[in-house]
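Take a look at the following structure, please.
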Amino acid sequence: MKEPKRYLVTSALPYANGPLHIGHIAGAYLNADIFVRYLRLKGKDVAFICGSDEHGAAITLRAKKEGKTPREIVDHYHAIMKKAFEDFGIAFDEYHRTSSPEHHQMSQEIFLHLEKKGSFEVETSKQYYDEEAKQFLADRYIMGTCPNCASERAYGDQCENCGRTLSPLDLINPHSTLSGSKPVLKETSHWYLPMAHHEQWVKEYISEGKLDHEQHHDPKTWKAHVVGQCMSWIDGGLQSRAMTRDLDWGVPVPLQGAEGKVLYVWLDAPIGYITNTKVWAEKKGRNWEDYWKSDDSQVIHFIGKDNIVFHCIIFPIILKEHGGFNLPINVPANEFMNLEGDKISTSRNWAVWLHEYLQEFPGKQDEMRYVLASIMPEQKDSEFTWSDYRDRVNNELADILGNFINRVFVLMHKYYNGVVPEISGTPTQAEEDAGKQAFESYQQIGKKIEEFRFREALAEAMNIARAGNKLLTETEPWKLVKSDAAATARILRSCLNFVADAAFCLQPFLPFTSEKIREALRVNWCSWDELGQGELMQTGHTIGSLPILFEKVTDEIVGAQMAKLEASKKASQVSVVEPIKDNIDFESFQKMDIRLVKILEAEYVPKTKKLLKLTVDTGADKRTVVSGIAEHYKPEEVVGKTVLFLANLAPRAIKGIKSEGMILMAGNETLGLSIVQPEKSMNAGDTVK
RNA sequence: UGCGGGGUGGAGCAGUUGGUAGCUCGUUGGGCUCAUAACCCAAAGGUCAUCGGUUCGAGUCCGGUCCCCGCUACCA
């Protein structure tokens, strides 16, 4: 591929229904920021674009739950995220938002263009509408009686009792699971993107990197899991997808007769990349189209692995169908980051929140940037632990980098009053080696960044400091100063240049630290390509002083963060108490046969994750029950236990096994499920009243 | 369950087109003392998840099995 003139780099638009955590940062923001900062150092023309994704049903649901308006929700999180990004040094050119008028306009223009061109297929159908909740109901929000097996708990898309696939219209006595009311049928139309029409070229684009039969990119430069996931999608056949929704929060569909409809959030969100580019360009007096439509521009999307097919297949289809837009040259999706052995989870409050970190660790952005960059989930999931944070900050940042810089500053001031000495004589082998190593590292850093190997790039930058440490220890200038002034001067001047080189190369990764060092050195940086060509520190230049760059992380800090995680986990348990359900009469209660049963046998249901097949003694008979508890109890743990049981629940087939009744358990999201047992020793068959 | 990705010394990871298994941290021993008890050197430690196949030769290619992650299914 030829060198482009411009780059358009995007990071996934974060969804504005919660704050940012370190998993987000390591997934799609820090890597993009490093990449962009590097390109800028190379003197490239780059637009780095992001913004809040503020539409979609999840936000309206959350608003409803919290008694707020969607606008209040997104305003709140947009502000938190924007500030957190800024404070953390993620240097977007533009961080805009999809609820803005500019974005609505852009999305509608693109939609209209496609509509006029006939890119969509409009399908009209009758769908259930909940008059109380004032909205159309997705299939799974409707329940009713199955026409096939008469189960009363069939969903709008499928009856889980008999396994039959249904449409909501098949249900007898349908009711809305949102309000409980009886929904009415209303006609509604939606605009579908017939992706099957595009299968041919998409396949070529992903597997061969060809677009319109011309080489567009080298697919070998794409990550394996990105290509893999796309190909599996394509091979499975591309289905039409509705690009509109019946919802009152989003970008309105700009057509007659489409009142109450909005663009599907997954359509409008990536268009946000375009809007936000335009917003930025207009502020800067540039032409946004240069970045999106010009032959000599490249588009790169940084995202997490949950977004792959959208960015590699669906959005490219929209862009190509629209015409004129560049398709991404690469989509370097990262995998996920775990936290202390567990998945990061917003709902369970198991996360290190970026805005909280910034508050609790003021001035320590680079420490977190370093750690996250070191463990980015580039090829597979990775794990953040506070003890690892401590080790990396202490052993690498403080001991190797910080200490090296400190050694050099101290020696420079001690021997030369901070003035760069003149050099003479022939360098020794050790000096040559160190210089070679530093140069090699510097070269590698750029190469690795361009290959999206940020962890290796960072390690290479650290190698410059390592080379410096080695040179100092091997040549021992504190001894040499008494015997060989020329050699001492050469070595310290080299080391000082290593400090400058390291600080320079670390700019994309540790911008705050880099700047501190630059100020102390009192130099102006050159461009990236000029770095290897001469020394940054010249004869006669006087350097300033530099305080200790990195404080050690104590065990107390680690302990406090661990305690905080545990505490917030517990707090989240308390906060998710379910509201009391509507009253029922005593007769309804009496209808239920709740009793104690003894579990006689238990085994896993093959090919499932959550199911156990149990044989229980109800006192009156023995029966088989399938229970979704396998993630919480092993078969041998439940055998012999006396547990609560709902005995007169209508039988139901699960995975081909007839289940007659239901084991009752206590449960919450954090701790999972727990068997409820009688406090005294009671018998199987005893009823619960 | 289907699909995709992954399983490499104590921990975290790299291993591009098949040719003696590397890196960082940790551990052990030694050196040094300018420096944030920091730095440098050396050593120990891996049947590359597992079984079988292709090959003169496989961590690297092919097939089976197990485990982890994501989407998906199951959860009365």
Side-chain angles (χ1 to χ4, degrees), chain A residues 151-153 158 160-161 163 220-221 223-233 235-236 304-309 333 335-336 338 343 374-385 387-388 391-392 394-415 448 451 453 455-456 458-460 462-463 465-466 468-481 488 492 495 547-552 605-612 625-632 645-646 648-652 654-656 659-664 667 673:
Chain A
S151 158
E152 288 175 15
R153 303 195 55 96
Q158 192 182 18
E160 295 183 351
N161 190 33
K220 282 195 214 119
T221 61
K223 297 190 186 191
H225 67 269
V226 173
V227 175
Q229 189 167 335
C230 290
M231 289 311 292
S232 95
W233 244 62
D235 291 340
K305 70 169 155 183
D306 49 342
N307 272 198
I308 289 172
V309 292
E335 305 250 351
F336 286 165
N338 295 320
K343 277 182 250 198
S374 304
I375 59 171
M376 268 181 192
E378 289 175 351
Q379 321 287 344
K380 57 184 169 190
D381 290 358
S382 67
E383 171 143 340
F384 178 94
T385 65
S387 58
D388 183 58
D391 290 346
R392 288 180 191 276
N394 291 355
N395 304 336
E396 299 179 30
L397 271 185
D399 290 352
I400 291 171
L401 179 66
N403 183 45
F404 169 63
I405 293 168
N406 188 239
R407 295 171 89 178
V408 174
F409 267 77
V410 167
L411 289 169
M412 279 296 299
H413 282 290
K414 204 179 241 178
Y415 298 155
K448 301 285 189 193
E451 290 171 353
R453 295 163 174 265
R455 287 189 313 212
E456 288 177 26
L458 177 55
E460 280 296 349
M462 294 296 287
N463 280 342
R466 287 196 167 91
N469 272 324
K470 183 170 173 168
L471 180 61
L472 281 181
T473 305
E474 281 179 357
T475 58
E476 303 184 305
W478 47 94
K479 285 182 183 166
L480 216 54
V481 72
T488 309
L492 278 178
C495 285
I548 296 297
L549 283 169
F550 304 105
E551 279 175 36
K552 294 286 180 87
V605 178
K607 312 286 189 191
T608 68
K609 197 153 59 175
K610 300 187 182 179
L611 302 181
L612 287 186
V625 185
V626 177
S627 183
I629 59 173
E631 288 181 308
H632 306 282
F645 186 72
L646 179 58
N648 61 335
L649 185 68
R652 180 189 157 177
I654 301 165
K655 284 280 161 187
S659 178
E660 301 174 290
M662 172 177 171
I663 304 288
L664 302 181
L673 297 174

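The figures here come from the full heavy-atom set of this structure, side chains too, leaving out hydrogens, waters and symmetry mates. All chains are named by letter (A, B, ...) in the order of the sequence lines, taking the proteins before the strands, and each is independently numbered beginning at 1. Predicted, not measured: the structure shown is a model, and the values here were computed from it.
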- Item | Candidates U36(B), C34(B), G12(B) - which lies nearest the side chain of Asn406(A) |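 Within the option list, the nearest is U36(B).
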- Message: Just to be sure I understand the rule, does Lys343(A) reach a base, reach only the sugar-phosphate, or reach nothing, if contact means heavy atoms closer than 4.0 Å?
- Response: sugar-phosphate
- Message: Base, sugar-phosphate or nothing for Glu551(A)? Non-hydrogen atoms, less than 4.0 Å.
- Response: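 Since no nucleic acid heavy atom lies under 4.0 Å of Glu551(A), the category is nothing.
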- Set of residues satisfying salt bridge (charged side-chain N to carboxylate O under 4.0 Å, His left out) with respect to Glu335(A), sequence neighbours excluded: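 For Glu335(A), the residues satisfying salt bridge (charged side-chain N to carboxylate O under 4.0 Å, His left out) (neighbours in sequence not counted) are Lys305(A).
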- Query: Within this structure, what is the CD-to-C1' distance between Glu396(A) and C23(B), rounded to whole angstrom?
  - Reply: 11 Å
- Task: Consider the side chain of Lys414(A), meaning its heavy atoms from C-beta on, and name the nucleotide among U36(B), A14(B), C34(B) that approaches it most closely.
- Result: C34(B)
- Query: Distance between the C1' atoms of A49(B) and G59(B), in whole angstroms?
  - Reply: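 Looking at atom C1' only, A49(B) and G59(B) are 12 Å apart.
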- Task: Can you tell me, in whole Å, how much space there is between the P of U50(B) and that of U55(B)?
- Result: 23 Å
- Task: In whole angstrom, give the distance that lies between atom CD1 of Ile308(A) and atom P of C3(B).
- Result: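 So the two atoms are 18 Å apart, to the nearest Å.
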- Item | Side chain to side chain, Leu411(A) and Val481(A), heavy atoms closer than 4.5 Å | no
- Pairwise P distance for G30(B) and U24(B), with rounding to whole Å: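 The same atom, P, in both gives a distance of 22 Å.
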- Message: For a stem of at least 3 consecutive Watson-Crick or G-U pairs with distances under 3.5 Å, i pairing with j, i+1 with j-1 and so on, which stems involve RNA chain B?
- Response: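 Stems for RNA chain B, defined as runs of 3 or more consecutive pairs: B:2-7 with B:66-71, B:10-13 with B:22-25, B:27-31 with B:39-43, B:49-53 with B:61-65.
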- Query: Taking the P atom of each, how far is G45(B) from C3(B), in whole Å?
  - Reply: 42 Å
- Would a 4.5 Å heavy-atom cut-off, applied to side chains only, mark Asp306(A) and Phe336(A) as touching? yes
- Item | Rounded interatomic separation in angstrom, taking CG from Asp306(A) and C1' from G4(B) | 14 Å
Check the interface with nucleotides 37-40 of chain B: list each N/O to N/O pair with the protein under 3.5 Å, or write none.
{"from": "A38(B)", "atom 1": "O2'", "to": "Asp399(A)", "atom 2": "O", "distance (Å)": "3.4"}
{"from": "A38(B)", "atom 1": "O2'", "to": "Asn403(A)", "atom 2": "OD1", "distance (Å)": "3.4"}
{"from": "A38(B)", "atom 1": "O2'", "to": "Asn403(A)", "atom 2": "ND2", "distance (Å)": "2.2"}
{"from": "C39(B)", "atom 1": "O2'", "to": "Arg407(A)", "atom 2": "NH1", "distance (Å)": "2.9"}
{"from": "C39(B)", "atom 1": "O2'", "to": "Asn469(A)", "atom 2": "O", "distance (Å)": "3.4"}
{"from": "C39(B)", "atom 1": "O2'", "to": "Thr473(A)", "atom 2": "OG1", "distance (Å)": "2.7"}
{"from": "C40(B)", "atom 1": "O4'", "to": "Thr473(A)", "atom 2": "OG1", "distance (Å)": "3.3"}

- Find the distance Glu476(A):CD to A35(B):P and express it as a whole number of Å.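 One finds 14 Å between P of A35(B) and CD of Glu476(A), rounded.
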- Taking the same atom, C1', in C48(B) and in A42(B), what whole-Å distance lies between them? 25 Å
- Nearest-nucleotide 5' precedence on RNA chain B, Val226(A) against Asp391(A): Val226(A)
- Query: What nucleotide, of C32(B), U24(B), A14(B), holds the atom closest to the side chain of Glu456(A)?
  - Reply: A14(B)
- Query: For Ser382(A), which contact category applies under a 4.0 Å heavy-atom criterion: base, sugar-phosphate, or nothing?
  - Reply: sugar-phosphate
- Item | For Lys343(A), side-chain contact (heavy atoms from CB on, under 4.5 Å) partners two or more places apart |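 For Lys343(A) the side-chain contact (heavy atoms from CB on, under 4.5 Å) partners, ignoring immediate neighbours, are Asn338(A), Arg348(A).
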- Query: Backbone N or O of Val625(A) within a donor-acceptor pair of the Ser659(A) side chain at under 3.5 Å?
  - Reply: no
- Query: Looking at residues at least two apart in the chain, or sitting in another chain, which of them share a side-chain contact (heavy atoms from CB on, under 4.5 Å) with Arg455(A)?
  - Reply: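 Per chain and number, Arg455(A) pairs via side-chain contact (heavy atoms from CB on, under 4.5 Å) with Met376(A), Glu378(A).
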- Task: Give a yes or no on whether the backbone of Lys380(A) and the side-chain of His225(A) come within a donor-acceptor separation of less than 3.5 Å.
- Result: no
- Between CD of Glu451(A) and P of A14(B) the distance, given in whole Å, is 14 Å
- Could you list the residues that satisfy salt bridge (charged side-chain N to carboxylate O under 4.0 Å, His left out) with Lys448(A), not counting sequence neighbours? Glu456(A)
- Message: Run the side-chain contact (heavy atoms from CB on, under 4.5 Å) test against Ala465(A) and tell me which residues pass, sequence neighbours left out.
- Response: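 Ala465(A) satisfies side-chain contact (heavy atoms from CB on, under 4.5 Å) with Ile400(A), Leu401(A), Phe404(A) only.
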- Task: Report the distance from atom CZ of Phe384(A) to atom P of G12(B), rounded to the nearest whole Å.
- Result: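 Computing the Phe384(A):CZ to G12(B):P distance gives 15 Å.
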- Message: Between Lys380(A) and A14(B), is there a contact of a side-chain N or O with OP1 or OP2 at under 4.0 Å?
- Response: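 Lys380(A) to A14(B) OP1/OP2: side-chain N or O found under 4.0 Å.
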- Message: Give me the distance, rounded to whole Å, that separates G18(B) from C56(B) when you measure between the P atoms they each carry.
- Response: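 So the two P atoms sit 15 Å from each other.
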- Item | Same-atom distance (C1') from C41(B) to U33(B), integer angstrom |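 These two C1' atoms come out 16 Å apart once rounded.
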- Query: Given that Lys479(A) and Asn463(A) both sit by RNA chain B, which one's nearest nucleotide is further toward the 5' end?
  - Reply: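 The residue whose closest nucleotide sits nearer the 5' end is Asn463(A).
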- Between U36(B) atom P and Leu411(A) atom CG, what is the distance in whole Å?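 Nearest whole value for this atom pair: 11 Å.
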- Task: Could you pull out all residues at least two apart from Glu476(A) that satisfy salt bridge (charged side-chain N to carboxylate O under 4.0 Å, His left out)?
- Result: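 Testing Glu476(A) for salt bridge (charged side-chain N to carboxylate O under 4.0 Å, His left out), a comparison that skips the adjacent residues, returns Lys479(A).
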- Where is the tightest heavy-atom contact between Trp478(A) and Tyr415(A), given as atom of each residue plus distance?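 Minimum heavy-atom separation between Trp478(A) and Tyr415(A): CA-OH, 3.1 Å.
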- Any salt bridge (Lys or Arg N to Asp or Glu O under 4.0 Å) involving residues 398-414 of chain A? Give me the pairs, sequence neighbours left out, ordered by first then second residue. Asp399(A)-Lys552(A)
- For Arg392(A) and G12(B), is the shortest distance between a side-chain N/O and OP1 or OP2 below 4.0 Å?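 So the side chain of Arg392(A) is outside the cut-off, no N or O lying under 4.0 Å from OP1 or OP2 of G12(B).
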- Of the nucleotides U36(B), C69(B), C34(B), which has the atom closest to the Lys305(A) side chain?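 So the nucleotide nearest the side chain must be C69(B).
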- Task: Using the C1' atoms only, state how far A11(B) lies from G46(B), rounded to an integer number of Å.
- Result: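 14 Å, rounded to whole Å.
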- Quick one: is Arg453(A) getting a side-chain N or O under 4.0 Å of the G15(B) phosphate, OP1 or OP2?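 Looking at the OP1 and OP2 atoms of G15(B), one of them is under 4.0 Å from a side-chain N or O of Arg453(A).
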- Side chain of Trp478(A): nearest nucleotide among C34(B), U24(B), A76(B)?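 That would be C34(B).
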- Message: I need the CD1-P distance between Ile375(A) and A14(B), as an integer number of Å.
- Response: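 Ile375(A) atom CD1 is separated from A14(B) atom P by 12 Å.
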